[in-house]
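Heads up: the structure comes next, in structure tokens.
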Amino acid sequence: MIRAVIPGAAGKMGAMLLEALRADAHVVLHAAVERKGHAAVGTAAAAGVTVGDDFDAALDGADVYIDFTAPEATGVLVALAARKRVAAVIGTTGLSPEARTAIFHAAADIPVVVAPNFSLGVNLLLGLAEEATRALGPDFDVEVIEVHHRHKRDAPSGTAIAIAEALARGRDVDLAAVRRYARDGDVGPRPDGEIGVQAVRGGDVVGEHTVLFLGPAERVEITHRAGSRLIFARGAVRAAAWVAGKPPGVYSMKDVLGL
Ligand code: NAD
């Protein structure tokens, strides 16, 4: 059995991870953790497991932890896990350059799976988007539209950025040179080769991503709609089972799924 620690256990994704672990045959809940002072500390996370507030202590005896917390927490958590040689699965999005550096350093000592989206469908969409833009060529303008619930902090979504990166790979260009995140004011005609990303926020939408390929007199759309956060949690638990015992390094969901 693989023993997993869940920081952010009282969050929206934390609750889904606890549910996914209850149903999983290979990965069990070792410890659940929340921020110091959080109302959930001391309450039951699962049979026999109480939510604690000491992540470092929770790592003792664990094989892996699964981080769906907040960008400012991720770098701190991964550094602690590297010291204790506990593998990491990181789903938190909107990561700062400092958090990314912390992940990179930790990956010298532990295996880390980082993914902006843990669903099977989105990881398939990433491959389809790259293939489609390569096949359709420069006559087709590409745009990504993402829709998320009103509480989401980061924009565009980590998944939308990953789709834009896949489109840039399909065109052999550097995304930083061609991306356009939202438009406002007298922006003029659309430059050739631009990769646009638009973020919509509202309601309780779990997550929707559409890639538009807009060509002369025809248009192709590829859409993924997440119906439940449980799909991300199941994917993350699958990643946890996969990563425990792997050599140190940074891995993606493509590695986990063998795509
Ligand atoms: P949320 O705000 O509902 O939950 C986050 C939880 O983390 C909170 O309970 C908070 O108290 C806790 N937390 C913050 N800092 C902590 C720390 N230092 N130690 C322990 N706990 C801490 O947010 P959410 O909707 O569950 O999303 C969490 C993150 O996961 C976001 O970045 C979101 O974008 C991302 N996300 C990723 C995927 C994916 O597939 N990769 C899917 C959904 C959400």
* Asked: Where is the tightest heavy-atom contact between Arg22 and Ala45, given as atom of each residue plus distance?
  -> NH1-O, 4.4 Å
* To do: Say whether Val27 and Val89 are linked into one hydrophobic cluster, either directly or through other cluster members, by side-chain heavy-atom distances under 4.5 angstrom.
  => yes
* Structure fact -> Heavy-atom closest pair (Val51 atom, Ala40 atom, distance to 0.1 Å) is CB-O, 3.4 Å
Check residues 242-251 and write down every donor-acceptor pair under 3.5 Å in which the side-chain atom is one partner and the other belongs to a residue at least two apart or another chain.
residue: Lys246; atom: NZ; partner: Trp242; partner atom: O; Å: 3.1
residue: Tyr251; atom: OH; partner: Pro247; partner atom: O; Å: 2.8

* Asked: Do the side-chain N and O atoms of Gln198 and Glu146 include a donor-acceptor pair separated by under 3.5 angstrom?
  -> no
Donor-acceptor list for residues 161-170 side chains, cut-off 3.5 Å, not counting sequence neighbours:
residue: Arg169; atom: NE; partner: Glu130; partner atom: OE1; Å: 3.2

* To do: Decide salt bridge (Lys or Arg N to Asp or Glu O under 4.0 Å) for Arg150 and Asp204; before the verdict, give the C-alpha distance in whole Å, the side-chain angles of both, and the deciding distance to 0.1 Å.
  => CA-CA 7 Å; Arg150 58 187 298 130; Asp204 59 359; over 6 Å; no
* Any pair counted as salt bridge (Lys or Arg N to Asp or Glu O under 4.0 Å), so long as it reaches residues 250-259, sequence neighbours left out -> none
* Are Val122 and Val256 connected in the hydrophobic side-chain network, where two residues link if heavy atoms are under 4.5 Å apart? -> no
* Does Arg219 pair with Glu221 as a salt bridge, N-O distance under 4.0 Å? -> yes
* Which pair of heavy atoms, one from Asp60 and one from Lys84, lies closest together, and at what distance? -> OD1-NZ, 3.2 Å
* Do you know which of Arg180, Arg190, Arg179 makes salt bridge (charged side-chain N to carboxylate O under 4.0 Å, His left out) with Glu143? -> Arg190
* Asked: Is there a salt bridge (Lys or Arg N to Asp or Glu O under 4.0 Å) between Asp109 and Arg85 once you walk through the steps?
  -> CA-CA 7 Å; Asp109 296 318; Arg85 301 295 191 266; 3.6 Å; yes
* **Audit row: Glu19, Arg229, salt bridge (Lys or Arg N to Asp or Glu O under 4.0 Å) steps and yes/no** => CA-CA 11 Å; Glu19 187 177 336; Arg229 286 187 177 80; over 6 Å; no
* Does the pair Val41 and His38 meet the rule for a side-chain contact (heavy atoms from CB on, under 4.5 Å), with working shown? -> CA-CA 6 Å; Val41 174; His38 193 286; 4.2 Å; yes
* To do: I would like to know whether Asp139 and Phe213 meet side-chain contact (heavy atoms from CB on, under 4.5 Å); could you show each step before the answer?
  => CA-CA 9 Å; Asp139 284 349; Phe213 301 90; over 6 Å; no
* Structure fact -> Tightest non-hydrogen contact, residues Ile66 and Ala240, listed as CD1-CB, 3.9 Å
* **Any donor-acceptor N or O pair under 3.5 Å, side chains Thr223, His209** => no
* To do: Verify the cluster assignment for Tyr181 and Leu212: are they in a single hydrophobic cluster under the rule of side-chain heavy atoms below 4.5 Å apart?
  => no
* In terms of hydrophobic clustering (I, L, V, M, F, W, Y; side-chain heavy atoms under 4.5 Å; direct or indirect links), are Val112 and Phe55 co-clustered? -> yes
* Sort and list the pairs that fulfil ring-ring contact (aromatic ring centres under 6.0 Å, His included) and have at least one residue in residues 71-128, not counting sequence neighbours. => Phe68-Phe118
Side chains of residues 6-18: which donor-acceptor pairs under 3.5 Å do they make with residues two or more places apart or in other chains?
none

* Structure fact -> Applying side chain to side chain donor-acceptor pair (under 3.5 Å) to Arg171 and not counting sequence neighbours gives Thr133
* Please assess Leu125 against Ile222 for the test side-chain contact (heavy atoms from CB on, under 4.5 Å), listing each intermediate value before the final yes or no. => CA-CA 8 Å; Leu125 183 147; Ile222 308 176; 3.9 Å; yes
